[in-house]
Amino acid sequence: MTSRIEHISQQRREKLDRLRASGINPYPHRYHRTHTAQQAVDLLKQKEAGLSQAEELEAAVAGRITARRLMGKAAFIDIRDGSGKIQLLFQDIKQLDARRSELFDSLDLGDIIGVSGTLLRTRTGEPTIKVRDFTLLAKSLQPLPEKWHGLSDTEKRYRQRYLDLIANTEVRDIFQIRSRVISAIREFLNQRGFLEVETPALQPSAGGALARPFVTHHHALDQDFYLRIALELHLKRLIIGGFDKVYELGRAFRNEGISTRHNPEFTMLESYEAYADYNDIMNMLEEMVAGVCQQVLCKEEVEFEGNTISFKPPWRRINLREAVKEYSGIDFVQYPEVDLLRSRMEEMKIEVDPEKNWARLVDELISTFVEPHLLQPTFLIDYPVSMSPLAKTKPDNDRVVERFEAFAGGMELANAFTELNDPIEQRRRFVQQQKERRKEGEAETVDEDFLLALEYGMPPTGGLGVGIDRLVMLLTNQQSIREVILFPQLKEKP
RNA sequence: GGGCCGUUAGCUCAGUUGGCAGAGCACCUGACUUUUAAUCAGGUGGUCGCAGGUUCGAGACCUGCACGGCCUACCA
């Protein structure tokens, strides 16, 4: 007994063989279409609006068959291309010549065809091409997902994203928006005189953030490399080299947990601007996000998890210490030692990992108490220096750095600071960080190459990092990062 | 790493107290010249995720495993 799928596939292979035997190429090389489906519909509308004098409107379109309604001597077929859907009317299919008749009978849902004919509107008002000639462009051997419910099996949607894209038009929309968001960001930065650059993804040491990297090996060099966890250190080298405004839109890789907000590879924007500080960056970021939102969605606010989020500048700006005090009741400055802070948190019945250092405890306070409240775009400003080894301290307080993180929809969107450009101080911070890491049992090397670069002199610089995937989540109201990444990481199926 | 949930036809899903494996769509055959989730009549299609166990009998109950989802943990 053959299963259904084997049976369908078998039938289609037999059709394929019959077509070939009749001299029909089921996979021809090209088709000259004159219109996309959308253009054909627009053409018809123009004529109806009296903008065209033509008696009969001709169009040749091509696309995938998504529905078929056979009516005896007539047939309606829906095809879809990248622009949308259009209906085809085949009349008098019993009168087709032998070759076309055979081809018509062999058509299946999922096949790609090209058709030419005249535009009309049926009595129900559907824009339609009355087909004069048609040709097979690609035979499909697999049945499509169900037409009404689409494809909803999450695993299958991710593993076979092409089926998801065929079956679920909302999914197409998300990735079109993603593309436009990235274009809009490029445009914004280019217009401001930023230079787009590309820096290595394979690095001898993975710096610029503290995350576990992926390790790989270069055979010819016989050397281990790390996939970058941030773009930061190379972009700063370019600031030193005299490019005053640079940015990179690229993939970063972190060998950590996977969740609705984390994918092992994700897309970051990092930008660096010489002679700017974090206040300038704040202004730029809120202007950029509001502008991108306006340009892509034609509005300045979005719905996210049932809340309306407005990106209209200026965004709320609150001091980190004040925010933590407000939402958790703990003023971490009053607990400058890790043990003090930990016991204060334990008093509040917060589960505290005894391995965590002071900076990470503060981080936990932020993510537990503050982050979930930050629905409207908010800048958290001025972080403890121990949490921020690459940021410059405030002129009047060497325990606090000029750093902000931007939040919206309860998610961290961006991280930015006035960059530390004192090479001696930077070395001290790296060494300090290395000690902390050793305590946690992880060795970390000081990036001597970067420190050497800093010694040549880096201008005062404002730097920014934005999680593009999360920004797209916000703009498309998606609660899982996998819904905005075309091929999210899944475990290989055995 | 931990908890909860899911996995049944190509797709979307039912499956009662443990008692013959079901529906819709899709597919095949037939009818039908303006339908659009077309309609009507008939038909084909199953490793019930995998491996064990309990039982006269398991899709269902038990154990383990795999994959996925959500939560949690981890996470600059």
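A, B, ... follow the sequence lines: proteins, then strands. Residue 1 opens every chain.
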| message | Dot-bracket, 5' to 3', for RNA chain B please: Watson-Crick or G-U pairs under 3.5 Å, [ ] where pairs cross earlier ones, | where the partner sits on another strand, dots elsewhere. | response | (((((((..((((.....[..)))).(((((.......))))).....(((((..]....))))))))))))....
| Nearest-Å distance once atom C1' is located in both B:U47 and B:A66 |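 About 15 Å, rounded to a whole number of Å.
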| query | If we take the C1' atom in both B:A26 and B:G59, what is their distance in whole Å? | reply |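 Nearest-Å result for B:A26 against B:G59 at atom C1': 24 Å.
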When you measure from the side-chain N and O atoms of [X] to the phosphate of [N], is any distance below 4.0 Å, counting only OP1 and OP2?
| X | N | answer |
| --- | --- | --- |
| A:K356 | B:C74 | yes |
| A:R69 | B:A38 | yes |
| A:S152 | B:U12 | yes |

Output one line per pair: protein atom, nucleotide atom from nucleotides 2-10 of chain B, and distance, for all N/O pairs under 3.5 Å.
{"residue": "B:G10", "atom": "OP1", "partner": "A:I5", "partner atom": "N", "Å": "3.2"}

| field | Qualifying residues under side-chain contact (heavy atoms from CB on, under 4.5 Å), relative to A:A408, sequence neighbours excluded | value |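 A:A408 satisfies side-chain contact (heavy atoms from CB on, under 4.5 Å) with A:F311, A:P377, A:L413, A:L474 once adjacent residues are dropped.
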| task | Mind checking A:R482 for me? I need base, sugar-phosphate or nothing, with any heavy atom below 4.0 Å counting as a touch. | result |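 Sugar-phosphate contact only.
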| request: Select base, sugar-phosphate, or nothing to describe what A:E412 touches, counting heavy atoms under 4.0 Å on all strands. | output: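 Answer is nothing: A:E412 stays at 4.0 Å or more from every strand.
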| task | Let me know the distance between NZ of A:K94 and P of B:G30, rounded to the nearest Å. | result |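 My rounded result for the distance is 9 Å.
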| task | Find the distance A:W148:CH2 to B:C11:C1' and express it as a whole number of Å. | result |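 It is 15 Å, rounded to the nearest whole Å.
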| message | Side chain of A:T154 only, heavy atoms from C-beta on: which candidate in B:U34, B:G69, B:C70 is closest? | response |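 That would be B:G69.
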